[in-house]
Amino acid sequence: KSNLFEEEIIELVSKKNLKKYFEFIKKVKKIIRNEKFDIFYAHDFYAAMLVLYVKRKKKNVKIIYDAHELILPKRKSSLHTHFFHYYEKKAIKLSDFIVAANDERAKIMKEYYCLEKMPFVVRNISTLDVKNDEQAHKILNKCSDFLNNKCIKLVYAGYLSKSRKIDDLLMLIHKYKNKTIQLLIIGSGEEETNLKKVATELKLDNVMFLGKVPYKYLGVILNLCDIG
């Protein structure tokens, strides 16, 4: 229940721009203070800090934490990663109900955070039937024209950023010059132009950039590949 009659959208410009991030946190904190609600749904690590605030200001509110991503920092991980992991770790301990993106992540979270119960799994890949969807068929045909059943088909789906090390994957494919391996890259982001340039310079005709596709089609595209 909430006395919010209209949905209020606060744009989070960048999780890596801490100034903008804290502006986002400040605005959401104001809503938390002024509104009445029974459940607070925190989606992903950038909302973790707000879980601590809700727990302090709204003691009777139930908290659902959805760990859409999984942050397990290493010693050499960026300060950005350690920052969000610090708050996610606290948020998970304070939440009443925890959601994981798949069974594997749920098991890792239970062990890593010493949870009493296994997180509830809500898969972040759509399983919608797209048999009669014309746009879906166009995308699938484009993928099928590129992919060869005699090859090992690799796929990456997600944001194209430096931190994802996709350029290293391109270099490995070039190094081994194995034509029985194909790579399908799905998504867009700050590194898209640079990655395409690298692929062109290395003459990687076994790499395809599909670009950003509607989320509901992601599951059927991934099923065309062998390793993700």
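Side-chain atoms are counted along with the backbone in the values below, which use heavy atoms only and exclude waters and symmetry mates.
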Check Pro119 against Ala106 and note the closest heavy-atom contact, atom names and distance.
-> CD-O, 3.5 Å
Can you run down the side-chain hydrogen bond (donor to acceptor under 3.5 Å, both in side chains) pairs that involve residues 47-62, sequence neighbours left out, and say none if there aren't any?
-> Arg33-Tyr53
Could you walk me through whether Leu170 and Leu183 pass the side chain to side chain contact (heavy atoms under 4.5 Å, CB included) check?
-> CA-CA 9 Å; Leu170 295 178; Leu183 172 62; 3.9 Å; yes
Is the backbone of Phe146 close enough, under 3.5 Å, to the side chain of Gln182 for a donor and an acceptor to pair up by distance?
-> yes
Tell me whether Val121 is reachable from Leu222 by hopping between hydrophobic residues (I, L, V, M, F, W, Y) whose side-chain heavy atoms are closer than 4.5 Å.
-> no
Can you name the closest pair of heavy atoms from Thr81 and Ile71 and give their distance?
-> CG2-CG2, 3.6 Å
Sequence neighbours left out, what passes side chain to side chain contact (heavy atoms under 4.5 Å, CB included) with Ala67? Give chain and number order.
-> Tyr65, Glu88, Met109
Set of ring pair (Phe, Tyr, Trp, His ring centres under 6.0 Å) partners for His68, sequence neighbours left out = His43
Would you say the side chain of Val61 lies within less than 4.5 Å of the side chain of Asp38, judging by non-hydrogen atoms?
-> no
Heavy-atom distance under 4.5 Å between the side chains of Ile108 and Leu72, does that happen here?
-> yes
Mark yes or no for whether Asn148, through its side chain, and Lys150, through its backbone, hold a donor-acceptor pair below 3.5 Å.
-> yes
Please round to the nearest 0.5 Å and tell me the distance separating atom CD1 of Ile173 and atom CG of Asp168.
-> 11.5 Å
Locate the shortest heavy-atom distance separating Ile221 from Cys143; write the atom from each residue and the value.
-> CG2-SG, 4.0 Å
Exceeds 12 heavy-atom contacts within 6.0 angstrom, atom NZ of Lys89 = no
Are Tyr87 and Val51 connected in the hydrophobic side-chain network, where two residues link if heavy atoms are under 4.5 Å apart?
-> yes
When hydrophobic residues are tied together by side-chain contacts of less than 4.5 Å, even through go-betweens, does Ile32 share a cluster with Phe22?
-> yes
Hey, are the side chains of Val220 and Ile139 touching, using non-hydrogen atoms and a 4.5 Å cut-off?
-> no
May I have the list of side-chain donor-acceptor pairs in residues 197-213 shorter than 3.5 Å, sequence neighbours left out?
from: Thr200; atom 1: OG1; to: Lys196; atom 2: O; distance (Å): 2.9
from: Asp205; atom 1: OD1; to: Lys179; atom 2: NZ; distance (Å): 2.9
from: Asn206; atom 1: ND2; to: Ile181; atom 2: O; distance (Å): 2.9

ILVMFWY cluster membership beyond Met118 - transitive side-chain contacts under 4.5 angstrom = none
Could you check Leu169 against Ile185 for side chain to side chain contact (heavy atoms under 4.5 Å, CB included), going step by step and ending with a plain yes or no?
-> CA-CA 11 Å; Leu169 184 55; Ile185 297 177; over 6 Å; no
Sequence neighbours left out, what passes ring pair (Phe, Tyr, Trp, His ring centres under 6.0 Å) with Phe120? Give chain and number order.
-> Phe97
Compare all side-chain heavy atoms of Leu224 with those of Val155 and state whether any distance is below 4.5 angstrom.
-> no
After noting the C-alpha distance and the side-chain angles of Val122 and Asp66, does the key distance pass the side chain to side chain contact (heavy atoms under 4.5 Å, CB included) rule?
-> CA-CA 9 Å; Val122 177; Asp66 185 345; 5.8 Å; no
Between the side chain of Tyr46 and the main-chain N/O of Tyr21, is any donor-acceptor distance below 3.5 Å?
-> no
Distance col, row Ile25:CD1 vs Lys20:NZ, nearest 0.5 angstrom, shows 14.5 Å
Report yes or no: do Leu94 and Phe84 belong to one cluster of Ile/Leu/Val/Met/Phe/Trp/Tyr joined by side chain heavy-atom distances under 4.5 Å?
-> yes
Roughly how far, to the nearest 0.5 Å, is NZ of Lys153 from CG of Asp226?
-> 4.0 Å
Partners meeting side chain to side chain contact (heavy atoms under 4.5 Å, CB included) with Glu104 (sequence neighbours left out) | Asn102
Measure across Ala157 and Leu218 and return the closest heavy-atom pair with its distance rounded to 0.1 Å.
-> CB-CD1, 4.0 Å
Value for OH (Tyr113) from NZ (Lys90), rounded to nearest 0.5 Å, stands at 12.0 Å
Is Asp44 reaching over with its side chain to a backbone N or O of Glu69, donor-acceptor style, under 3.5 angstrom?
-> yes
Tell me, do Lys93 and Cys114 make a side-chain contact under 4.5 Å, heavy atoms counted?
-> yes
Stepwise side chain to side chain contact (heavy atoms under 4.5 Å, CB included) test for Met49 and Phe83 | CA-CA 10 Å; Met49 184 185 291; Phe83 173 84; 3.6 Å; yes
Please name all residues satisfying side-chain hydrogen bond (donor to acceptor under 3.5 Å, both in side chains) with Tyr86, sequence neighbours left out, ordered by chain then number.
-> none
Mind checking what makes salt bridge (Lys or Arg N to Asp or Glu O under 4.0 Å) contact with Asp103, not counting sequence neighbours?
-> none
Mind checking whether Ile227 and Ile166 sit in one hydrophobic cluster, side chains of I, L, V, M, F, W, Y counted as touching below 4.5 Å?
-> yes
So which residues get pulled into Leu172's cluster when ILVMFWY side chains under 4.5 Å apart are joined, directly or through others?
-> Tyr176
In chain order, what residues pass the side-chain hydrogen bond (donor to acceptor under 3.5 Å, both in side chains) check against Asn194, with sequence neighbours excluded?
-> Glu191
For Thr193, side-chain hydrogen bond (donor to acceptor under 3.5 Å, both in side chains) partners two or more places apart | none
Could you give the distance from CE (Met171) to NZ (Lys165), rounded to the nearest 0.5 Å?
-> 13.5 Å
Hey, what do you get for OH (Tyr156) to CG (Leu184), rounding to the nearest 0.5 Å?
-> 12.5 Å
How far apart are the closest heavy atoms of Cys225 and Leu147, and which atoms are they?
-> SG-CD1, 4.2 Å
Closest heavy-atom pair and its distance - Ser188, Tyr159 | O-CD1, 3.3 Å
